[in-house]
Novice: 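Here it is, the structure in full.
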Amino acid sequence: MKSTLLLPPESLLVLTLLFSHCASIVSRTSYPVHIHSSPDGATVSITDKKSKEVFKGQSPATVTLKSGAGYFAKAEYQVRISAPGYAEQVIPVNYRLNGWYFGNLLLGGVLGMLVVDPITGAMWRLDTPEIFARLQKTTAFTEEPMLRIMDIKDVPQELRGQLERVK
């Protein structure tokens with residue numbers, strides 16, 4: 001004779017309440033961020049909200065970043081992209097409230113809503129999955145003063161009147 005283990009409905013309800021955490025089940029706690037730049041090979045540095053560097057490399061790059069930064073706190077990151085001869089760009093990585101977090105209300109996940117999802121960061125969803133930075137060239141005249149030898153064709157027309165001939 002076969003024996004089947006059946007739980008009483010009350011036990012099923014208790015298990016559902018204890019182990020439901022909707023965003024953690026359906027969603028993620030970290031997300032890939034794809035970083036591209038023009039020109040390729042630019043230096044990429046990512047810092048968190050405590051100014052701690054979490055990544056340093058070159059573009060193109062794909063970096064996996066956590067969505068949470070503590071109990072009920074979303075992560076915040078700054079992506080700095082720079083290259084010699086180009087102006088640096090700073091781009092924030094944004095997170096927003098994950099819609100699946102509210103699924104805890106329907107599925108009875110009080111524990112998920114107040115403990116699991118806020119601690120794991122699953123209550124936050126990446127809003128900036130891809131970053132493309134088109135770096136702007138800088139001119140020699142916007143940098144720190146230094147001696148630089150340039151072709152006359154590279155000097156802007158409005159600045160040519162300020163040039164002095166060197167013998």
Novice: Out of V44, T47, T43, which residue meets the side chain to side chain contact (heavy atoms under 4.5 Å, CB included) rule with K56?
Specialist: T43
Novice: Go through the steps to decide whether V79 and V63 satisfy the test side-chain contact (heavy atoms from CB on, under 4.5 Å), and finish with yes or no.
Specialist: CA-CA 11 Å; V79 179; V63 182; over 6 Å; no
Novice: Work out which heavy atom in S82 is nearest to a heavy atom in L135; give both atom names and the distance.
Specialist: C-CD1, 4.1 Å
Novice: Could you check whether any side-chain N or O of Y95 sits under 3.5 Å from a backbone N or O of K66, counting only pairs where one atom can act as donor and the other as acceptor?
Specialist: yes
Novice: Kindly compute the distance separating CD (Q136) from OG (S38), expressed to the nearest 0.5 Å.
Specialist: 9.0 Å
Novice: For A42, is there any backbone N or O sitting under 3.5 Å from a side-chain donor or acceptor partner on S59?
Specialist: yes
Novice: Going by heavy atoms in the side chains, are S67 and Y31 under 4.5 Å from each other?
Specialist: yes
Novice: What is the minimum heavy-atom distance between A87 and T138, and which atoms define it?
Specialist: N-CG2, 3.4 Å
Novice: Could you state whether I35 and V90 fall into the same hydrophobic cluster, counting links through intermediate Ile, Leu, Val, Met, Phe, Trp or Tyr residues with side-chain heavy atoms under 4.5 angstrom apart?
Specialist: no
Novice: Do side-chain atoms of T62 reach the backbone of V33 as a donor and acceptor pair under 3.5 angstrom?
Specialist: no
Novice: Walk me through whether I131 and I81 qualify under side-chain contact (heavy atoms from CB on, under 4.5 Å).
Specialist: CA-CA 10 Å; I131 294 173; I81 304 172; 4.2 Å; yes
Novice: Using modelled atom types only, decide if a donor and an acceptor are shared between the side chain of T128 and the backbone of N94 within a distance under 3.5 Å.
Specialist: yes
Novice: To check you understand the geometry: which heavy-atom pair defines the closest contact between R160 and K153, and what is its length?
Specialist: NH2-CA, 3.7 Å
Novice: Can you name the closest pair of heavy atoms from K49 and K74 and give their distance?
Specialist: NZ-O, 3.2 Å
Novice: Between Y86 and F132, is there a shared hydrophobic cluster once you connect ILVMFWY residues whose side-chain heavy atoms come closer than 4.5 Å?
Specialist: no
Novice: Of the non-hydrogen atoms in A61 and F55, which two are nearest, and what is the gap between them?
Specialist: CB-CZ, 4.1 Å
